[in-house]
Number of protein chains: 2
Amino acid sequence: MPSITRRRSAKLGRPTSAEADVLAATQRLLAGGATFTELGVQQICTEAGVARSTFYSHFRDKTDLLLRLAGRLMATSFDVTSAWQPAAGVEGLEEAFLQVIQVYRRHAAVRRALAEVATYDSAVRDYFTAELHQFTDWTIKILRAEQEAGRTPAGLDPVSATRIIVTGGERALTDQVTSADPASDPAFARELAHTWWHGVYRRPGT
Amino acid sequence: MPSITRRRSAKLGRPTSAEADVLAATQRLLAGGATFTELGVQQICTEAGVARSTFYSHFRDKTDLLLRLAGRLMATSFDVTSAWQPAAGVEGLEEAFLQVIQVYRRHAAVRRALAEVATYDSAVRDYFTAELHQFTDWTIKILRAEQEAGRTPAGLDPVSATRIIVTGGERALTDQVTSADPASDPAFARELAHTWWHGVYRRPGT
DNA sequence: GTAATTTCCGGACGCGATGTCCGGACGTTG
DNA sequence: CAACGTCCGGACATCGCGTCCGGAAATTAC
């Protein structure tokens with residue numbers, strides 16, 4: 001157990017701790033197109049210029065590394081999204097999505113790895129769904145409030161609609177960021193905003 | 001090279017070839033909640049009552065097994081979806097989605113495995129995206145035709161909208177099937193249909 | 001200065017899973 | 001009976017993971 005009074009790394013001349021090197025190297029490899037699953041610990045350590053045994057003195061395993069890499073990813077994108085309110089209208093929604101896309105693009109590699117491992121690792125999946133839960137709860141609440149105010153049709157099912165918005169939207173965003181030209185981002189943001197707006201929040205009729 | 005004149009398996013009384021046993025066992029284990037990645041060859045063989053060496057005389061590797069398991073999955077759901085035309089209206093779309101959900105529920109296990117492995121195995125990913133391409137092309141074509149006819153706003157970007165519909169919709173469907181109560185299927189189908197209808201196909205204004 | 005402590009290296013180890021190979025048992029086919 | 005195809009059972013090399021330990025190097029405390 002390290003003492004708290006003692007600085008972790010008093011001297012700054014040193015090439016920063018091995019931990020940071022590993023984090024950076026992983027992000028680099030991921031950004032280079034590698035898949036987290038097919039990425040070996042040895043490979044990461046070689047890229048980081050660190051001994052393999054050192055890796056395990058900083059991370060319990062590869063999953064631990066990924067989770068720590070994930071960090072405050074979701075938190076930031078949640079802040080951006082939840083800043084929007086229906087009162088801001090479809091233009092405001094479009095603007096919000098454009099910002100979300102920027103955030104997604106910045107962390108595309110880690111986000112992709114997260115979605116990847118979440119499909120077969122329960123620990124990562126739990127983390128992922130827990131983070132998505134923020135969005136789900138928030139969206140359901142907003143929809144119910146809009147229904148109360150009579151701006152969203154009462155016949156709409158908030159739970160199903162939210163599943164479409166959050167789950168489907170998250171996937172579409174990830175897809176846009178990982179395999180579409182950034183030049184098409186504005187058009188995509190506009191489509192997403194208008195689809196949710198006219199398809200859900202201001203769905204006409206009935 | 002086996003002779004063509006000679007029947008592969010003349011006698012039908014035999015307990016069907018080991019290959020079928022492996023396919024069935026895998027589907028069973030998958031349906032039981034197992035993850036394809038964490039599923040070992042030994043485990044599959046034990047469940048199938050087959051020697052491990054026999055597995056490799058029928059399948060090149062686990063990926064080969066999955067691809068063969070995938071078979072005509074996508075084909076059937078494409079047939080169901082593409083049977084719908086905008087002329088059938090939102091009610092027709094709702095009905096089509098309800099049928100798609102049935103198909104998804106039937107093959108949920110394999111579909112989940114497919115989506116899982118597609119995230120890190122390029123061979124499976126290629127297969128998956130190739131199959132999704134059918135839907136993408138079809139949807140873009142429909143949207144363009146609707147714009148020509150003036151029923152869908154001309155300002156809509158067919159490519160971005162299709163990305164939302166196909167990619168996002170596929171994910172929302174998978175989510176509904178894997179983690180929601182079947183009783184909520186009709187409500188979900190209704191929401192999906194209305195969202196795409198009013199949000200895209202018959203988006204109001206401009 | 002020296003000693004103690006932290007951090008990292010380098011390599012060993014056991015483990016489990018993958019994919020290959022082969023000898024032999026069994027039933028079918030001609 | 002003999003040839004053939006299918007399957008079993010186990011041996012084998014290989015790889016990646018996670019653990020462990022002895023020692024080098026640098027930093028800190030005294």
Side-chain angles (χ1 to χ4, degrees), chain A residues 1-26 29 34-68 113 116-117 120-124, chain B residues 1-26 29 34-68 113 116-117 120-124:
Chain A
M1 183 70 77
S3 77
I4 311 177
T5 55
R6 176 87 149 279
R7 299 296 302 263
R8 284 268 294 183
S9 153
K11 196 63 185 299
L12 289 87
R14 274 259 290 299
T16 65
S17 93
E19 185 168 325
D21 289 347
V22 171
L23 263 344
T26 307
L29 288 169
T35 296
F36 188 79
T37 304
E38 70 188 18
L39 214 56
V41 174
Q42 178 62 61
Q43 203 175 339
I44 295 173
C45 292
T46 303
E47 171 75 20
V50 153
R52 207 172 68 89
S53 62
T54 302
F55 175 93
Y56 286 102
S57 67
H58 286 278
F59 306 92
R60 237 182 341 94
D61 49 31
K62 245 172 62 179
T63 297
D64 186 30
L65 164 65
L66 179 58
L67 254 11
R68 210 168 312 173
E116 169 194 332
V117 182
Y120 60 86
D121 183 297
S122 58
V124 176
Chain B
M1 181 68 79
S3 79
I4 311 176
T5 54
R6 178 86 149 278
R7 299 296 302 263
R8 282 267 294 184
S9 154
K11 196 64 184 300
L12 289 87
R14 276 257 290 300
T16 65
S17 92
E19 184 168 325
D21 289 347
V22 171
L23 264 343
T26 307
L29 288 169
T35 295
F36 189 79
T37 304
E38 70 189 18
L39 214 57
V41 174
Q42 178 61 61
Q43 204 173 340
I44 295 173
C45 292
T46 302
E47 170 75 20
V50 153
R52 210 172 65 89
S53 62
T54 303
F55 175 93
Y56 287 103
S57 67
H58 285 279
F59 306 93
R60 242 192 325 102
D61 49 30
K62 246 171 62 179
T63 297
D64 186 28
L65 164 64
L66 179 58
L67 254 10
R68 213 168 311 172
E116 170 194 333
V117 182
Y120 60 86
D121 183 298
S122 59
V124 176

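Here is how names work: the chains are called A, B, and so on, in the same order as the sequence lines, proteins then strands, and each is numbered from 1. Because only heavy atoms are used, hydrogens play no part in the values below, and waters and symmetry mates are left out as well, while side chains stay in.
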Undergrad: Sequence neighbours excluded, which residues qualify as side chain to side chain contact (heavy atoms under 4.5 Å, CB included) partners of B/R60?
TA: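 By the side chain to side chain contact (heavy atoms under 4.5 Å, CB included) rule, B/R60 matches B/D64.
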Undergrad: Run the side chain to side chain donor-acceptor pair (under 3.5 Å) test against A/T63 and tell me which residues pass, sequence neighbours left out.
TA: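 Counting only residues at least two positions away or on another chain, A/T63 forms a side chain to side chain donor-acceptor pair (under 3.5 Å) with A/D121.
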Undergrad: Could you give the CD-to-P distance, from B/E38 to D/dG16, as a whole number of Å?
TA: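 Taking CD of B/E38 and P of D/dG16, I get 21 Å after rounding.
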Undergrad: Can you tell me the distance, in whole Å, between the CD atom of A/E19 and the C1' atom of C/dC9?
TA: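 In whole Å, C/dC9 C1' and A/E19 CD are 17 Å from each other.
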Undergrad: Nearest whole Å is fine: how far is C/dA17 C1' from B/I44 CD1?
TA: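 About 12 Å, once rounded to whole Å.
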Undergrad: Which heavy atom of A/E38 sits nearest to which heavy atom of B/Y120, and what is that distance?
TA: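 Smallest interatomic distance, heavy atoms only, reads OE1-O, 4.0 Å.
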Undergrad: A/A51 and A/C45: which non-hydrogen atoms are nearest, and at how many Å?
TA: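 Heavy atoms only, the tightest pair is O-SG, 4.0 Å.
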Undergrad: B/L65: which residues meet the side chain to side chain contact (heavy atoms under 4.5 Å, CB included) condition with it, sequence neighbours left out?
TA: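 Expected list: B/V22, B/L23, B/T26, B/F36, B/I44, B/F55, B/F59.
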Undergrad: By the side chain to side chain donor-acceptor pair (under 3.5 Å) test, which pairs, at least two apart or in different chains, include something from residues 41-59 of chain B?
TA: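 Counting only pairs at least two positions apart or across chains, the side chain to side chain donor-acceptor pair (under 3.5 Å) contacts touching residues 41-59 of chain B are B/E19-B/H58, B/R28-B/E47, B/Q42-B/T46.
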Undergrad: Can you tabulate the close N/O pairs, meaning under 3.5 Å, that link protein atoms to atoms of nucleotides 14-16 of chain C?
TA:
none

Undergrad: Spell out protein contact along nucleotides 17-24 of chain D as letters: B when the base is contacted, S when just the sugar-phosphate is, - when no protein heavy atom is under 4.0 Å; keep the 5' to 3' order.
TA: BBBB----
Undergrad: Identify the heavy atoms of B/A48 and B/D21 that sit nearest to each other, and give their distance.
TA: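 Looking at all heavy atoms of both residues, the shortest contact is CB-O, 3.7 Å.
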Undergrad: Strictly below 4.0 Å: does A/H58 bring a side-chain N or O up to OP1 or OP2 of C/dT7?
TA: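 Negative; the distance criterion is not met.
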